[in-house]
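Note sheet for the following structure.
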Amino acid sequence: MTPPTRTTPASGHRLVVVGGGLTGLAAAWEWRRTHPDDEIVVLEADGRLGGKLDRVELAGQWYDTGPEAMLARVPEAVELVQELGLGDQLVAPQTTQASIVLPEGRFALPAGTVQGVPTSAEGLDGVLTPAGVARVAAEADLPPLQLDGDVSVGRLLRERLGDEVVDRLVEPLLGGVYAGRPDELSLDATMPALAAHLRRSTSVLEGATAARDAGARSRGDVDGPVFVTVEPGIGSLPAALVEASGAQVRLGTRAARLARTAAGFTVTLASGEELTADAVVLATPAGPTAALLADVAPDAVEPLRGIPYASMAVVAMAFPAQDVPAGSGLLVPPVTGRLVKGVTVSSAKWPHLSGGGVLRVRSSVGRSGDDADLRRTDAELTAAVVADVAELLDLARPEPVDTHLVRWTDGLPQYLVGHTARVAAVRSAVAAVPGLAVAGAAYEGVGVPACIRDARRAVAAIA
């Protein structure tokens with residue numbers, strides 16, 4: 001039998017990053033900043049880089065089909081864009097006023113909520129029925145809140161504030177971020193700041209008020225947008241990260257096994273080739289990460305396998321230019337019976353996507369445990385989404401001039417009850433292996449800044 005090819009660094013040290021999504025590429029860049037002479041190899045099983053960061057040309061304009069906004073009031077994403085020399089391409093939204101579509105009509109998202117959790121019963125009329133508003137107001141009469149251990153968002157809020165708060169306010173927000181269901185998602189993992197305040201409060205309303213006020217104090221007098229994007233699309237960042245890091249990228253290359261050696265690690269590829277490495281960052285989804293850790297950190301395998309994933313699809317659409325009085329977009333909870341779970345009116349939200357004689361919008365489909373609609377053909381699913389969006393926006397000219405469908409199969413990790421304990425177990429097992437780190441959306445956040453933060457954490461852990 002022919003022995004496997006073994007590749008070692010020509011000189012210096014080698015970092016191998018498994019996974020060429022945002023987290024892996026950010027880790028490569030962070031390593032380059034502190035280890036300018038090291039060799040960096042990024043292995044990506046897919047035929048393209050970027051993971052969930054992707055863009056298409058929609059009616060002549062670059063358009064994101066992955067994340068289309070980055071949180072600006074935490075530093076990581078904006079800092080990274082500036083480090084890459086792209087600070088002049090940052091764009092603030094023209095409007096962020098979204099509405100919720102309900103069976104009774106369309107309503108502005110109530111002010112003062114914390115991820116959809118109200119701080120009082122005021123301002124909820126219309127969004128909730130009179131009975132639902134009364135149920136929120138009655139929380140003061142319930143026994144004092146006692147939050148022991150992790151619970152699902154839905155279970156806690158249904159018990160304290162009623163079903164309507166979950167189904168009409170919280171679900172469309174969490175569904176948009178995680179493609180998950182509040183009755184399954186972990187309070188500690190998806191709402192950590194609120195969870196911390198709830199443990200010091202006698203009611204959910206009191207805890208939500210404290211969380212809201214603490215957030216305002218932490219921001220101080222800082223002015224500026226909550227969200228930003230970059231003009232050529234967030235999907236342009238992967239190429240910029242590769243150029244800045246000087247990493248050697250190998251597409252269509254799957255890591256099959258990771259082994260510890262006296263000098264570091266051996267990464268065996270599916271082709272049989274072996275790469276030696278002084279340090280390794282696994283920036284892959286939970287399942288592939290579990291497989292790679294089987295020999296070097298076996299205690300991480302079971303908790304990683306306890307992180308399921310949900311699938312979704314995004315449809316980008318361009319219609320003839322027309323007025324759409326929908327602000328930045330619509331949140332569409334399942335109680336409406338609609339196919340789509342949200343609509344972003346990009347031409348209204350972002351100045352660089354307006355004009356040009358077209359109306360650019362995007363919509364998403366898919367929730368955890370419900371992929372029946374995703375089994376439609378591309379043509380069928382696109383047509384159904386276009387029809388739903390045209391009706392929701394009441395388009396006078398509903399025939400699109402351009403469409404793109406992008407499927408994210410098993411794209412979003414589900415932070416189920418107990419997620420923080422699973423993540424702690426994974427990190428503890430991996431930390432016992434010098435030179436090895438894991439990072440990515442599976443752990444402590446699915447947004448762009450969270451993935452960058454986790455990449456930096458991984459590099460710091462092995463540096």
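- Using modelled atom types, one side-chain atom of Asp402 and one backbone atom of Ala59 make a donor-acceptor pair closer than 3.5 Å.
- Scanning both residues, Ala27 and Ala455, for their nearest heavy atoms gives N-CB, 3.6 Å.
- By the side-chain contact (heavy atoms from CB on, under 4.5 Å) test, Ala450 pairs with Arg453, sequence neighbours left out.
- Salt-bridge annotation for Glu30 and Arg457: absent, with no side-chain N of the basic residue lying under 4.0 Å from a carboxylate O of the acidic one.
- The CG atom of Leu330 sits 5.5 Å away from atom CG of Leu393, with the distance rounded to the nearest 0.5 Å.
- In this view, Tyr63 satisfies the ring-ring contact (aromatic ring centres under 6.0 Å, His included) rule with no residue, not counting sequence neighbours.
- Salt-bridge check for Glu44 with Arg254: failed, with every basic side-chain N at 4.0 Å or more from each acidic carboxylate O.
- The backbone N or O of Gly366 lies less than 3.5 Å from a partner atom in the side chain of Lys341, making a donor-acceptor pair.
- Looking at every heavy atom in both residues, Leu84 comes nearest to Ala244 through CD2-CB, 3.6 Å.
- Counting heavy atoms from C-beta outward, Thr113 and Val170 have side chains that stay 4.5 Å or more apart.
- Remark: the backbone N or O of Trp62 is not paired with any side-chain donor or acceptor of Glu57 at under 3.5 angstrom.
- For residues 441-463, there are no ring-ring contact (aromatic ring centres under 6.0 Å, His included) pairs, not counting sequence neighbours.
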Check: Should Lys349 and Gln94 be marked as a side chain to side chain contact (heavy atoms under 4.5 Å, CB included) after you check the CA-CA gap, both sets of side-chain angles, and the distance that decides it?
Finding: CA-CA 5 Å; Lys349 185 174 182 178; Gln94 299 178 121; over 6 Å; no
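- With Thr229 contributing its side chain and Val91 its backbone, the two residues share no donor-acceptor pair below 3.5 Å.
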Note to self: Checking Glu231 against Trp350 for the side chain to side chain donor-acceptor pair (under 3.5 Å) test, could you report, in this order, the C-alpha distance in whole Å, the side-chain angles of both residues, the deciding distance, and whether it holds?
What the structure shows: CA-CA 9 Å; Glu231 188 166 339; Trp350 302 110; over 6 Å; no
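- Using a 4.0 Å cut-off between a side-chain N of Lys or Arg and a carboxylate O of Asp or Glu, Asp278 and Arg14 do not qualify as a salt bridge.
- The minimum heavy-atom distance between Leu145 and Leu198, with the atom names listed, is CD2-O, 3.6 Å.
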Next item on the list: Show your reasoning for whether side chain to side chain donor-acceptor pair (under 3.5 Å) applies to Ser347 and Ser354.
Entry: CA-CA 4 Å; Ser347 292; Ser354 61; over 6 Å; no
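- In this structure, CG in Leu339 is found 9.5 Å from OG in Ser364, a value given to the nearest 0.5 Å.
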Next item on the list: Might you work through the side chain to side chain contact (heavy atoms under 4.5 Å, CB included) test for Leu169 and Leu124, ending with a clear yes or no?
Entry: CA-CA 10 Å; Leu169 280 172; Leu124 300 180; 4.2 Å; yes
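- Between Asp388 and Arg338, at least one side-chain N (NZ, or NE/NH1/NH2) sits under 4.0 Å from a carboxylate O, which counts as a salt bridge.
- Ionic pairing of Glu171 and Arg367 is present here: one or more N-O contacts between side-chain nitrogen and carboxylate oxygen are shorter than 4.0 angstrom.
- The side-chain heavy atoms of Val81 and Gln89, taken from C-beta on, include no pair separated by under 4.5 Å.
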Per-pair distances, 0.1 Å, donor-acceptor, side chain in residues 423-432, under 3.5 Å, sequence neighbours excluded:
residue	atom	partner	partner atom	Å
Arg427	NE	Glu444	OE2	3.0
Arg427	NH2	Glu444	OE2	3.1
Arg427	NH2	Asp454	OD1	2.8
Arg427	NH2	Asp454	OD2	3.4

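- Nearest approach of Gly235 to Arg55, heavy atoms of both residues: C-CD, 3.9 Å.
- Salt-bridge formation is detected for the pair Asp183/Arg158: a Lys NZ or Arg NE/NH1/NH2 atom is positioned less than 4.0 Å from an Asp or Glu carboxylate oxygen.
- Rounding to the nearest 0.5 Å places CG of Leu331 at 5.5 Å from CD1 of Ile100.
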Checklist line | Verdict with reasoning, Arg200 to His197, per side chain to side chain donor-acceptor pair (under 3.5 Å) | finding: CA-CA 5 Å; Arg200 301 191 293 268; His197 285 284; 3.2 Å; yes
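- The pair Arg32-Asp37 fails the salt-bridge criterion, with no side-chain N (NZ, NE, NH1 or NH2) lying under 4.0 Å from an Asp/Glu carboxylate O.
- In this structure, Asp323 places its CG atom where only 12 or fewer heavy-atom neighbours from other residues, nucleotides or ligands lie under 6.0 Å away.
- By the 4.5 Å heavy-atom criterion applied to side chains, Val17 and Leu43 are not counted as neighbours.
- Using a distance-only test at 3.5 Å, with no hydrogens or angles considered, a donor-acceptor pair links the side chain of Ser120 to the main chain of Glu122.
- Leu86 approaches Ala240 most closely through the heavy-atom pair CD1-CB, 4.0 Å.
- Remark: side-chain polar atoms of Tyr415 are paired, donor with acceptor, to backbone N or O of Gly445 under 3.5 angstrom.
- Pro413 places a side-chain heavy atom less than 4.5 Å from the side chain of Val446.
- Of the possible polar contacts, one joining the Arg360 side chain to the Leu353 backbone as a donor-acceptor pair under 3.5 Å is found.
- Atom CZ of Arg135 sits in a crowded spot, with more than 12 heavy atoms from other residues, nucleotides or ligands closer than 6.0 Å.
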Report all side-chain donor-acceptor pairs from residues 299-317 shorter than 3.5 Å, counting only partners two or more places apart or in another chain.
residue	atom	partner	partner atom	Å
Tyr309	OH	Ala286	N	2.9
Ser311	OG	Asp410	N	2.7

Next item on the list: Go through Val136 and Val165 one step at a time and tell me if the side chain to side chain contact (heavy atoms under 4.5 Å, CB included) criterion holds.
Entry: CA-CA 8 Å; Val136 172; Val165 166; 3.5 Å; yes
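- Atom CG of Leu241 is separated from atom CG of Leu49 by 10.0 Å, given to the nearest 0.5 angstrom.
- At least one side-chain heavy atom of Val204 sits less than 4.5 Å from a side-chain heavy atom of Glu139.
- The ring-ring contact (aromatic ring centres under 6.0 Å, His included) search around His35 returns Trp31, not counting sequence neighbours.
- Side-chain contact between Asp46 and Leu251: absent, with no pair of heavy atoms (C-beta onward) separated by less than 4.5 Å.
- Between Leu258 and Phe265 the shortest side-chain heavy-atom distance falls below 4.5 Å.
- From Leu58, atom CG reaches atom NE2 of His404 across 5.5 Å, with rounding to the nearest 0.5 Å.
- Remark: Leu25 CG to Ser245 OG distance equals 7.0 Å, nearest 0.5 Å.
- Side-chain atoms of Arg199 come within 3.5 Å of backbone atoms of Gly149 as a donor-acceptor pair (strictly under, hydrogens ignored).
- Side-chain N or O atoms of Arg106 include one that pairs as donor or acceptor with a backbone N or O of Leu392 at under 3.5 Å.
- Counting heavy atoms from C-beta on, the side chains of Leu187 and Leu147 come closer than 4.5 Å.
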Next item on the list: Go through the steps for Arg212 and Thr119 under the test side chain to side chain donor-acceptor pair (under 3.5 Å), then give the verdict.
Entry: CA-CA 8 Å; Arg212 180 199 63 192; Thr119 54; 3.3 Å; yes
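- In terms of heavy atoms, Ala458 sits closest to Val281 at CB-CG1, 4.3 Å.
- Using modelled atom types, no side-chain atom of Asp54 and backbone atom of Gly66 make a donor-acceptor pair closer than 3.5 Å.
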